[in-house]
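Let me begin by presenting the structure, written as structure tokens, before commenting on it.
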Amino acid sequence: MLPKKNPEVEIGRNSGLYFAIGLNIMLLFTYFGLNYKSYEKDVLLADVLQMEQQFEEDIPITNLNTPPPPPPPPAAAAPEIINVVEDVEEVQESIIESTESNQSDKIEEKVVQVDEVEVEEVEEEIDVPFAIVESVPIFPGCEGKSNQDLRACFQSGVLGHVKKNFKYPEVALQLGMHGRVMVSFTVDRDGHVSAIKTRGPDKILEEEARRIISLLPAMEPGKQRGKPVKVTFGLPINFKYVPQ
């Protein structure tokens, strides 16, 4: 079967070529239009500057008739007659004795008698680290054990207290805060926890660690040479969210 259309008279056969030629022509007109420059024609005025010779006029010097300054006042004249008045009254001179002592003077010895001297003993408050103290503080429930067992019991008691009272701050969870907070505290001579210091990645985590340590119960104080002393202890608290 023969095709009905003649391929030689097909209208869209060279449409791509015509489109490319038209596009190049439009781009050429656009280029010339963008680069076209026009200048304003201003009327140029040329002025002629005339230089004239300038003469300097001599100003005459005038003398002002100013009155002369007044003469200085005359000096006071000395009196012609000097009367000498004799001093009739006798003046009694006061004799000032020297207060300095010499080798011939005797010094009176004063003996101070002391009946009783009271010596007040001042106890020096020092902080002893937990690792070197002789008798560690006794955590509640650790009584009646040796000193070595008391150390392990104290550490396990503090860690158990931290796990029991640990609460991840809600704001820290929302902001994705995590990290390790280093905590140090002191068990004073009365067995109470004081001087809590924290250092961590954020203030919110530090406040939570300080809150947990402040809830520690009272203990029997540590002793050095048989006397109660302050004992410092430090531990890290890791804030790490574990989804359940």
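Side-chain atoms are counted along with the backbone in the values below, which use heavy atoms only and exclude waters and symmetry mates.
Scanning for side-chain hydrogen bond (donor to acceptor under 3.5 Å, both in side chains) contacts around D190 gives an empty result, with sequence neighbours left out. Looking at residues two or more places apart in sequence or on another chain, you find no side-chain hydrogen bond (donor to acceptor under 3.5 Å, both in side chains) involving E206.
Among all heavy-atom pairs drawn from T186 and A195, the shortest one is OG1-CB, 3.8 Å. Of all non-hydrogen atoms in Q224 and E134, the two that sit nearest each other are OE1-N, 3.0 Å. In this structure, P169 and I204 approach most closely via the heavy-atom pair CB-CG2, 3.8 Å. Heavy-atom minimum distance, F154 versus P137: CD1-O, 3.5 Å. In terms of heavy atoms, G191 sits closest to P221 at N-CB, 4.0 Å. In terms of heavy atoms, R151 sits closest to V133 at NH2-O, 2.6 Å.
Cluster membership for M26 and Y36, using ILVMFWY side-chain heavy atoms within less than 4.5 angstrom, is not shared. Grouping the Ile, Leu, Val, Met, Phe, Trp and Tyr side chains by contacts below 4.5 angstrom, directly or via other members, places M182 apart from V231. In terms of hydrophobic clustering, with Ile, Leu, Val, Met, Phe, Trp and Tyr side chains grouped at heavy-atom distances under 4.5 Å, V181 and V171 are assigned to a common cluster. Neither L34 nor I25 shares a network with the other; the hydrophobic side chains, linked directly or stepwise wherever heavy atoms of I, L, V, M, F, W or Y lie under 4.5 Å apart, form separate groups for each. Follow the hydrophobic side-chain contacts under 4.5 Å out from F185 and you reach L159 in the same cluster.
Below 30°, between 30° and 60°, or above 60°: for F166 and F239 the angle between ring planes is between 30° and 60°, a tilted geometry.
Put simply, CD on E143 and CG on L150 are 8.5 Å apart, with the number rounded to the nearest 0.5 Å. Rounded to the nearest 0.5 angstrom, S184 OG and R199 CZ are separated by 9.0 Å. To the nearest 0.5 Å, atoms CG (L216) and CZ (F233) are separated by 9.5 Å. Distance check, rounded to the nearest 0.5 Å: CG of D202 to CG of L175 gives 8.0 Å. Atom CZ of R210 sits about 11.5 Å away from atom CG of L205, to the nearest 0.5 Å. Rounding to the nearest 0.5 Å gives a distance of 9.0 Å between CG of N165 and CD of E208.
Grouping Ile, Leu, Val, Met, Phe, Trp and Tyr residues whose side-chain heavy atoms lie under 4.5 Å apart, directly or via other members, places L27 in a hydrophobic cluster with F19, L23.
A 4.5 Å side-chain heavy-atom check between K230 and V128 finds every atom pair outside the cut-off. With a 4.5 Å cut-off on side-chain heavy atoms, L235 and I213 count as touching. Side-chain contact between K167 and R211: present, with at least one pair of heavy atoms (C-beta onward) separated by less than 4.5 Å.
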Could you walk me through whether E220 and F139 satisfy the side-chain contact (heavy atoms from CB on, under 4.5 Å) test, starting with their C-alpha distance in whole Å, then the side-chain angles of each, then the deciding distance to 0.1 Å, before giving a yes or no?
CA-CA 7 Å; E220 292 186 19; F139 197 85; over 6 Å; no
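Atom NE2 of H161 sits in a crowded spot, with more than 12 heavy atoms from other residues, nucleotides or ligands closer than 6.0 Å.
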